[in-house]
Structure formats: C-alpha cells, structure tokens
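The structure appears right after this line, and notes come after that.
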Amino acid sequence: MDALFDQGYISFADGGELLVSDILGDAEIERLGLRAIQRLPWITPQHIPYLQWHREQVFKGKENI
C-alpha cells in the first residue's frame, strides 16, 4: 500500500476514504485487495494539509471505490 500511495495510484480524502487512480483497472483493484479498504480511521487535522498536497501533486486521477 505504501508503494501505491507513494507512486500516486491511491490517495485518501480528508475523511480518510480511499481514492483509487483511474489508471488501475477493476482486475488490478481486485488483485490488490483495494476494495477491502474503505477508509483510514485515524485521520487527524494534522494529516489534512499533507493529504490535500498528495491529491494535488502526486495522485494520478480519482475514483472513489
């Protein structure tokens, strides 16, 4: 998951919901087990600026799954 995040294939909304790049197809999403991840429960206000930066600068598209 760290590599997917670092390379911009996944990110997280301010509420912790998983965002998946449009680049990944349904088969890849299933194989990687991304549908099992709904949200990160431990997002704090300190995470919000970094998550916003990641979505704007690193994330490769958006699709909520």
Side-chain angles (χ1 to χ4, degrees):
M1 293 302 144
D2 288 341
L4 292 171
F5 183 81
D6 291 346
Q7 294 176 24
Y9 293 108
I10 65 171
S11 193
F12 296 91
D14 291 348
E17 297 84 6
L18 177 66
L19 304 172
V20 178
S21 172
D22 299 336
I23 294 170
L24 296 178
D26 287 336
E28 292 168 307
I29 291 169
E30 288 295 328
R31 186 172 43 88
L32 294 166
L34 294 176
R35 293 201 194 283
I37 302 168
Q38 297 299 311
R39 65 184 298 277
L40 295 176
W42 43 264
I43 298 294
T44 67
Q46 292 82 7
H47 293 113
I48 303 302
Y50 179 71
L51 290 173
Q52 182 178 7
W53 177 87
H54 184 269
R55 288 190 306 268
E56 293 172 359
Q57 302 298 321
V58 180
F59 187 49
K60 299 173 180 176
K62 56 184 168 182
E63 178 182 314
N64 241 341
I65 65 167

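Being a predicted model, the structure only gives us computed values, none of them experimental.
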Under 3.5 Å: donor-acceptor pair, side chain of Gln38, backbone of Arg35: yes
Pairwise distance CG(Leu24) to CD(Glu30) - rounded to 0.5 angstrom: 12.0 Å
Inter-residue atom distance Lys60.NZ - Asp22.CG, 0.5 Å rounding: 12.5 Å
Without placing hydrogens or testing angles, list every side-chain donor-acceptor pair under 3.5 Å for residues 5-16, not counting sequence neighbours.
| from | atom 1 | to | atom 2 | distance (Å) |
| --- | --- | --- | --- | --- |
| Ser11 | OG | His54 | ND1 | 2.8 |
| Asp14 | OD1 | Arg55 | NH1 | 3.1 |
| Asp14 | OD1 | Arg55 | NH2 | 2.8 |

Euclidean distance, Met1 CE relative to Leu40 CG, rounded to 0.5 Å: 11.0 Å
Closest non-hydrogen atom pair, Pro41 against Arg39: CD-O, 3.6 Å
